Structures are given as structure tokens and as C-alpha cells.
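Only one structure is covered here, and it is reproduced in the block below.
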Amino acid sequence: MSNLLGRHRAVMPRWMSLYYDEPIEIVSGRGRRVTDSDGRSYLDFFGGILTNMLGYDVPEVREAVERQLRTGVAHTSTLYLIRPQVELAERIAELTGIPNAKVFFTNSGTEANETALLLATHARRSDQVLALRNSYHGRSYAATAVTGNRSWKNSSLSPVNVHYLHGADRARFPHLSDEEFLAFCADDLQHVLDTATATDVACLIVEPVQGVGGFTAAPDGLLARYRETLDRYGILLVSDEVQTGWGRTGEHFWGIQAHGVTPHAMTFAKGLGNGFAIGGVVADGALLDALPANGISTFGGNPIATAAAGATLDYLLAHDLQANAHRLGRLLIDGLRTAAERLPIARDVRGKGLMFAVDLIDPGTGSPSPSLAARVLEHAKERGLLIGKGGLYGHALRMAPALTLAEDEAREGLDILVDSLAAAC
């Protein structure tokens, strides 16, 4: 492994960070477990950053991909009809509830968000975009520009003019009730429009639950409050469902549904392909049709990726994995909250469904502690559990197991998490 690590560092950029003091190479996987090159097995509670939504080596997905491979056609480009692409688009359009919806496929969430920003800025003839503080929307030029987390912003240069709103930073206002906070945020939006923007604004782009931000979220109903104001100005609402879609949050199929509102556009990626690269935008057909120039996505929605995505969606719906996420998410979040009461480094256990997090703090100062988060990651790895981290200061543990997680695996992972937190105290 040390040889591979040295080779990695020699040819990969240094900003491509690796987890652990001794990074691992995952060489095989089945179900919710993976094996590294040293033969060690781990229960995976991060799933390739929420991407292996069904887990590893799922027969139905593998067989769908193999069927397509046997045709000899792995790629044709969007200049030709692709049956599994059309069929998948039909299903996604219906699932969103967006009227007269159409779909454009990309390779990633970053590309999907770039496309959504292009659609909104063209439709509104404006480069002004609203986003939430602590947000993350991708690593490309415009996606970085609308990211509200300094750790992930490489440049102050931007193709869009961005203004950031309060919303997912509820913990910064403990003196306010939820209703008072909703009113405060709605007033903040109006104040930004009154003071910081010029003429038309293109859109508000928002993650219903912030991924890289540490699974922080606005209180339910806030986006409906925002929508009341946005509609008065004709501003479009874009929901970034790259991490929250497909029933991940348990309560709803799309994260934004917790707010009782339908957006003008949604972006998606990650879990849909269960490891195969696919993303996209689903939007009102008139909005998606309106771009005046030609456009393609060379690899977006290719036959292999859409075959995998179709099989993933079939499996997800047939096995009601949203309900499983809700049930086991409750078990895990409640268990962590109970444990946190006796763990001085653990604060603000939060989440929805199989998307949950815990902030780690220095028990002496109460300050966010990225070093403790890194230490707990190591303890969990030693005990056979893979987890993630994030948050504004890199101090939040992030967990997002496959939606196929079994109850005994949930309890095993919970025990390891609690032991790892205790070991770091």
C-alpha cells in the first residue's frame, strides 16, 4: 500500500485529499461491506460519498449492465436515440411532480448544477444567483461560485453574481424559536433583494440537506416561505437533490418535499447509478427547451449508465427503500443522541433517514474540532467501519449507509460509532 500511496502522491494533485493516516485501497465489495487490499473487511457507512445507494455487487444492477455490454454498445452519444435514456427520463419526469417536465442527463452533480445555472440565468437574462451559506454545489467554475463554504472555494472569480442567505445555519440562532427563525430567514431574503441585488435575479439554488456542509438543513417549511417571495419577483427555485434524492431522507422521495413546495428544476446524481456515473437536470419543459444554442452531453446518459440507473430505480421502488431509510435512520439517530448525552465531544446529532451527522467539539472550549473528527474516523476504521466527515470547519462526522442497510448492520454500525466516539474522549 505504501508503494501505491507514493505513486498516488506523485501523479495526483495534492488537493485530492485521502482519508486516514494510512489510506486504504478498496478492492472488493458485496452488500454493505467492502474489503481492502490487506484483506480487512469494513461495514461501509459512507458509500462512496452517498453514491453506492444500494450497496455493492447488486445482482439486478450488474445484470442490467452486462446485458447492455453484450450488445457491444457502451456508447453512442446523444446524437442518436438511446432507449434506456428515454425510458429513464420518462420515469424521473413523472416522479418529480414538475409539470411538463423534461430531463437532460450529465455525468455528475457538478455538471447538473452547471446546467441548472445556465438554464436559470438564460431564462431570467440575469447573472444574479441566490444560494445558502455553508452550501456545496460542485467543483466547477459556476458551481464553486455558488458554494457557500470557504474550504471548497478555489477562486473569488465567478461567472455569476452570488448573494448568500441564512437558512441552514439554524444552530447559530439558538435564541429564536423555529417559527421566529423562519420569519427571520424570510425577512433576510427580502432584505437581500431590497439592498444587494440589481433588477432581476435568476434563481435560488438550495440543497434541502447540505451534504459537504455536514448534513445541516433549514427547518421544514422554509423553502415554501422563500417561494412566496421568489414568486413575486419571478425568481426560479432550483433544488439540488444530488445527495437528498431517491428517498435518502426517509420521509420523502425528494428532500424538498419536506418543505411542501415543488421547484422549477431539480438536479440529481450520485446514488441513481449505484456507482455508475450519471447526473442530470429535470425541469419544466419550456425552461429546459429555451436554450438557443446547440447542446449535447457526450457521455451523459450513455447506455451503460442509464441501464444501471434504470435497474437501481427499479430495485429502490420495488423494495420500498425509502421506508427502510426512515425506519433505520430513526434507530441510528436516536441511538446517537442517547449516546451523545454522556460523550462530551459530541454535539448536535442531526439528520433525516440514512443521512445523519454529529458535530465534534473541544470539550474544554466548545469550539468545533476537526482534529477530533479525524481521530474518530481512525477509531472507526480500526473497528471496521467507514464513515465520512464534513461541516463548515471539517468537524462533523457524516454517515450515509446504503438504503438496503439491514437492522443488524445498523446496530453494529451504531455500536462502533459510539465506541469510537468514547475512545476519542
Side-chain angles (χ1 to χ4, degrees), residues 26-34 44 46-96 101-113 115 138 211 241-248 253-254 266-282 296-322 324-325 354 400-405:
I26 294 173
V27 297
S28 66
R30 178 175 286 274
R32 276 69 58 190
R33 297 184 189 274
V34 296
D44 187 359
F46 205 38
I49 317 178
L50 291 83
T51 297
N52 299 309
M53 185 165 66
L54 306 184
Y56 297 86
D57 194 25
V58 179
E60 291 85 346
V61 177
R62 172 166 35 84
E63 290 162 8
V65 171
E66 289 173 349
R67 279 196 303 272
Q68 183 60 44
L69 282 171
R70 283 194 295 271
T71 69
V73 179
H75 174 72
T76 63
S77 90
T78 52
L79 295 174
Y80 304 95
L81 291 170
I82 302 173
R83 185 175 298 274
Q85 183 186 86
V86 173
E87 292 171 346
L88 183 62
E90 289 171 338
R91 299 177 70 189
I92 292 173
E94 183 177 358
L95 285 165
T96 64
K102 290 188 176 183
V103 182
F104 178 74
F105 289 107
T106 64
N107 301 288
S108 68
T110 291
E111 290 181 47
N113 286 331
T115 305
E241 300 275 352
V242 169
Q243 297 197 31
T244 54
W246 321 112
R248 165 68 64 181
F253 196 73
W254 305 105
M266 289 185 190
T267 59
F268 58 85
K270 291 208 181 277
L272 177 60
N274 200 51
F276 287 85
I278 189 168
V281 181
V282 54
I296 62 169
S297 179
T298 300
F299 294 106
N302 68 75
I304 299 295
T306 48
T312 299
L313 192 53
D314 284 342
Y315 192 101
L316 175 83
L317 296 172
H319 293 81
D320 195 9
L321 296 187
Q322 178 182 323
N324 193 55
L354 290 177
L403 303 189
T404 54
L405 188 71

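Note that this is a predicted model, so its numbers are computed, not measured.
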**Request:** Mind listing the closest non-hydrogen atom pair of G55 and A402 along with its distance?
**Result:** N-CB, 3.5 Å
**Fill in**
For A64 and A307 the tightest heavy-atom approach is CB-O, 3.7 Å
**Message:** Test: side-chain hydrogen bond (donor to acceptor under 3.5 Å, both in side chains). Region: residues 85-94. Which pairs qualify, not counting sequence neighbours?
**Reply:** R91-D314
**Asked** For R62 and D57, which heavy atoms make the closest approach, and how far apart are they?
**Response** NE-OD1, 2.7 Å
**Request:** Apply side chain to side chain contact (heavy atoms under 4.5 Å, CB included) to the pair L403 and N324, showing each step before the final yes or no.
**Result:** CA-CA 7 Å; L403 303 189; N324 193 55; 5.7 Å; no
**Message:** Let me confirm one number: the CG-CG distance from L317 to L95, rounded to the nearest 0.5 Å.
**Reply:** 6.5 Å
**Asked** Between T306 and N302, what is the shortest heavy-atom contact and its length?
**Response** OG1-O, 2.8 Å
**Complete:** Looking only at heavy atoms, the pair that brings S108 and A269 closest together is C-CB, 3.8 Å
**Request:** Apply side chain to side chain contact (heavy atoms under 4.5 Å, CB included) to the pair N274 and Y315, showing each step before the final yes or no.
**Result:** CA-CA 11 Å; N274 200 51; Y315 192 101; over 6 Å; no
**Message:** For L79, is the CG atom crowded, meaning more than 12 foreign heavy atoms sit under 6.0 Å from it?
**Reply:** yes
**Item:** Point-to-point distance, once rounded to the nearest 0.5 Å, from CG of L321 to CZ of F253
**Value:** 10.0 Å
**Message:** Ring centres under 6.0 Å, that's the criterion: do F268 and W254 meet it?
**Reply:** no
**Prompt:** Measuring from I278:CD1 to I304:CD1, what's the distance to the nearest 0.5 Å?
**Reply:** 11.5 Å
**Neighbour count >12 (heavy atoms, 6.0 Å) for atom CZ, R30** = no
**Asked** Heavy atoms, side chains only, cut-off 4.5 Å: are Y80 and V73 in contact?
**Response** no
**Request:** Kindly indicate whether the side chain of Q243, heavy atoms from C-beta on, has any atom under 4.5 Å from the side chain of K270.
**Result:** yes
**Separation between CG of L405 and CG of L54, rounded to the nearest 0.5 Å** = 12.5 Å
**Message:** Measuring only between side-chain heavy atoms, which start at C-beta, is S297 closer than 4.5 Å to F104?
**Reply:** yes
**Fill in**
Paired with L88, the side chain to side chain contact (heavy atoms under 4.5 Å, CB included) test is passed by just one of V103, I82, L313, namely L313
**Prompt:** What distance separates E241 CD from L272 CG, expressed to the nearest 0.5 Å?
**Reply:** 12.5 Å
**Item:** Where P303 and H75 come nearest, the two heavy atoms and their spacing
**Value:** CD-CA, 4.0 Å
**Prompt:** Who pairs with Y56 by side-chain contact (heavy atoms from CB on, under 4.5 Å), at least two apart in sequence or on another chain?
**Reply:** V34, D44, N52
**Message:** Can you tell me how far apart OG1 (T404) and CZ (R32) are? Round to the nearest 0.5 Å.
**Reply:** 4.0 Å
